[in-house]
Amino acid sequence: MGSEVRVRFAPSPTGYPHVGNIRTALFNWLFARHNKGVFILRIEDTDQERKVEGATEIIMESLGWLGMDWDEGPFFQSHRLDMYKKYAEQLVTEDKAYYCFCSSERLDAMRKDQAARKLPPGYDRRCRCLSNEQIETEKARGIVPVVRFKSPTEGQTSITDLIRGEVIFENSLMDDFVLLKSDGYPTYHLANIVDDHYMNISHVMRAEEWLSSTPRHILLYAALGWKPPQFAHLPMILGPDKSKLSKRHGATAINEYQNEGYLPETMINFLALLGWSLDDKTEIMSREEIIANFSVERVSKTAAVFNKDKLEWMNGVYIRNLSIDDFTERCLPFVERRLPPEVKRPIDAGYLKQIAPLVQERAKTLNEVPQLVDFLFVNKLEYDTIILQGKLDKVQAVVVLEKSISMLEKLEGWDSDIMEKAIRPLSDELSMKVGPFFSVLRVAITGRTASPPLFQTMAVLGRARCMERLKAALQKIKS
RNA sequence: GGCGCAUUCGUCUAGGGGUUUAGGACGCUGCCCUCUCAAGGCAGAGAUCACCGGUUCGAAUCCGGUAUGCGCUACCA
């Protein structure tokens, strides 16, 4: 069972998960599911300063929302401090690592000096060859040391990345990085290697920004006598200006997309296509299709700009493909939250279901549904009288309303076809074009110039409210 | 500065020596449909495949260099 695929998503709990991190999670998850492997959730909470309360829960909720289930975990690195410490000390004993007593002030000064003299930055290895006595004196002074890795000063370290091929690094350029911080917490480098080893991780798929520190990891595996996993460094996600996607580009946290009314299936599909493709044309794919076809070979090397226009389009596609019941259900919380306060709560789900077909193909996000339907809920319409007549003059608009009202009053039923059959001929009768003619009625009924189909809307609104609105419009234009 | 990675329409991408007058999608423009707005259909504009050399009968595809972009260069991940 040594060939079993075991991958992990290992976020640090520093807030709402970034779409880039979620994309990394998704590729790991897809890879695991495609290969019938194991997907592990591990929380890398080794930075006490950046840790945010509740972030872990949010991460788990986000994964849950997207339907990315994990098979093991969540594991917390903060619960495994003894283990990291043990290996750090083992490396010190084996002379593969050493204690460093340098203060952060000295380190800062050193870096400044290096920058001023245009030297490559990096720890100057002052503590690399301390004698036992020196170590004891420093300890006696109450200085808590960090543990640094003794990087080789010559040779090369190469990695074979599943996406980028062989990448070679000069060991002489690698500095003695910290393994264990003075607060007893491990750095990413140590914790990562220890955990990946103990969790039997077969493939490490992470963002490209990690490529540069991978030789450190390789060296650490070797120092510990462990076999490294395979690496795949995923392309990054950029903002429209091609810099790393960040807040100034708009929403970056996955939950923002949830709140903006994007469907989880849209996010999965869209994110999957950011760096991976099935072929030269397939774009809309179910989660199952993506799983069935996912492979690292088809992951691209190039960073991708997050194209929100395309996301919106795709969300529209998914919204239109929803059943009426499903669409109604998903709209409900948004409508509940964003309809004007004067509308009575709870919102009538039955009524919303009648409305749903009118707006389903018009909405790109669930969040815009409330604005699309609010005129069907409020009691009094607010609109500018001038839009009522549209291309017509005032007298014509009055006639349109009067004729329509009397025609509708005579009507037996309140079915959209019946209404249309009765009203449409009126425009001919008055030798008006249907466009401007209907427009008057549309504004009277909806309070706006763009709306779902007029008669279907009227059918849903109901006879009483329609007549009331038409008469109100007549009053309004006359006064 | 050093090291690393990358470079095909504005964007996401297909393509991996001849099948390519470089294909698809978003967006954009026009037309059709049409009671408005959408949706849908059709059409169009949009890429000298970053640049320069090389290999080859032949290169977007292979190699080298240059440029540009990005990443890393913390007791952050």
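It should be emphasised that the depicted structure is a prediction, and the values quoted were computed from it without experimental measurement. Residue numbering restarts at 1 for every chain, and letters A, B, ... go by the order of the sequence lines.
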Could one point to a donor on the side chain of Lys301(A) or the base of rA6(B) with an acceptor on the other under 3.5 Å away?
no
State yes or no: are the ring centers of Tyr257(A) and Phe306(A) separated by less than 6.0 Å?
yes
OP1 or OP2 of rG40(B) under 4.0 Å from side-chain N/O of Arg320(A):
yes
Give every residue pair that meets the side chain to side chain donor-acceptor pair (under 3.5 Å) criterion with at least one member in residues 423-445 of chain A, sequence neighbours excluded.
Glu420(A)-Arg424(A), Arg442(A)-Ser451(A)
May I ask you to say what Asn307(A) touches in the nucleic acid, namely base, sugar-phosphate or nothing, with a heavy-atom cut-off under 4.0 Å?
base
Look at the side chain of Arg164(A) and the base of rC5(B), then say whether one donor and one acceptor between them are separated by less than 3.5 Å.
no
Can you check the Lys308(A) NZ to rC12(B) C1' distance for me, whole Å?
16 Å
Interatomic distance where CE belongs to Met174(A) and P belongs to rA74(B) [whole Å]
14 Å
Tell me the interatomic distance from Met458(A), atom CE, to rC35(B), atom C1', rounded to whole angstroms.
12 Å
What's Ser12(A) touching, base or sugar-phosphate or nothing? Going by heavy atoms closer than 4.0 Å.
sugar-phosphate
From the set rA14(B), rG4(B), rC72(B), return the single nucleotide nearest to any side-chain atom of Asp280(A).
rA14(B)
Reference residue His233(A); test side-chain hydrogen bond (donor to acceptor under 3.5 Å, both in side chains); the match among Lys301(A), Arg206(A), Glu208(A), Arg164(A):
Arg206(A)
Between Asp176(A) and Arg216(A), is there a side-chain N and carboxylate O pair less than 4.0 Å apart?
no
Evaluate the ring planes of Tyr198(A) and Tyr87(A), with Trp represented by its six-membered ring, and classify them as parallel (under 30°), tilted (30 to 60°) or perpendicular (over 60°).
tilted
With both distances under 3.5 angstrom, what nucleotide forms a Watson-Crick or G-U wobble pair with rG71(B)?
rC3(B)
Is a donor-acceptor contact shorter than 3.5 angstrom present between the side chain of Ser104(A) and the base of rC75(B)?
no
Side-chain contact check for Arg50(A): nearest option of rU11(B), rC35(B), rA77(B) is rA77(B)
Arg206(A) side chain N/O closer than 4.0 Å to the phosphate oxygens (OP1, OP2) of rG71(B)?
no
Are OP1 or OP2 of rA74(B) and a side-chain N or O of Thr187(A) less than 4.0 angstrom apart?
no
Distance in angstrom units between Glu368(A) CD and rC37(B) C1', rounded:
12 Å
Side chain of Ser277(A), heavy atoms from C-beta onward: which of rA14(B), rC35(B), rA74(B) has the nearest atom to it?
rA14(B)
With respect to the side chain of Met236(A), which nucleotide from rG27(B), rC3(B), rC70(B) is positioned closest?
rC70(B)
Side chain of Ala450(A), heavy atoms from C-beta onward: which of rA25(B), rU36(B), rC12(B) has the nearest atom to it?
rU36(B)
Between rC37(B) and Ser451(A), is there an OP1 or OP2 to side-chain N/O distance shorter than 4.0 Å?
no
Fit a plane to each ring of Trp210(A) and Tyr188(A), take the angle between them on a 0 to 90° scale, and name the class: parallel (under 30°), tilted (30 to 60°) or perpendicular (over 60°).
parallel
What does rU48(B) pair with, Watson-Crick or G-U, if both distances are under 3.5 Å?
none
Just to be sure I understand the rule, does Lys281(A) reach a base, reach only the sugar-phosphate, or reach nothing, if contact means heavy atoms closer than 4.0 Å?
sugar-phosphate
Classify the ring geometry between Phe294(A) and Phe27(A) as parallel (under 30°), tilted (30 to 60°) or perpendicular (over 60°).
perpendicular
Which nucleotide wins on minimum distance to the side chain of Leu274(A), given the candidates rC12(B), rC76(B), rC75(B)?
rC12(B)
For a quick check of understanding: with a heavy-atom distance under 4.0 Å over all strands, which category does Leu273(A) fall into, base, sugar-phosphate or nothing?
sugar-phosphate
Are Lys112(A) and rA74(B) close enough that a side-chain N or O sits under 4.0 Å from OP1 or OP2?
no
Closest to side chain of Ser212(A), choosing from rC75(B), rU13(B), rC72(B)
rC72(B)
Within the 4.0 Å heavy-atom criterion, would you say Pro240(A) contacts the bases, only the backbone, or no part of the nucleic acid?
nothing
Using a 4.0 Å heavy-atom cut-off, does Ile168(A) contact any base of the nucleic acid, only the sugar-phosphate backbone, or nothing at all?
sugar-phosphate
Tell me whether the OP1 or OP2 atom of rG15(B) has a side-chain N or O from Arg298(A) closer than 4.0 Å.
yes
Check whether any side-chain N or O of Lys242(A) sits under 4.0 Å from OP1 or OP2 of rU11(B), and answer yes or no.
yes
Looking at rC37(B), I'd like to know if its phosphate oxygens (OP1 or OP2) sit under 4.0 Å from a side-chain N or O belonging to Arg448(A).
no
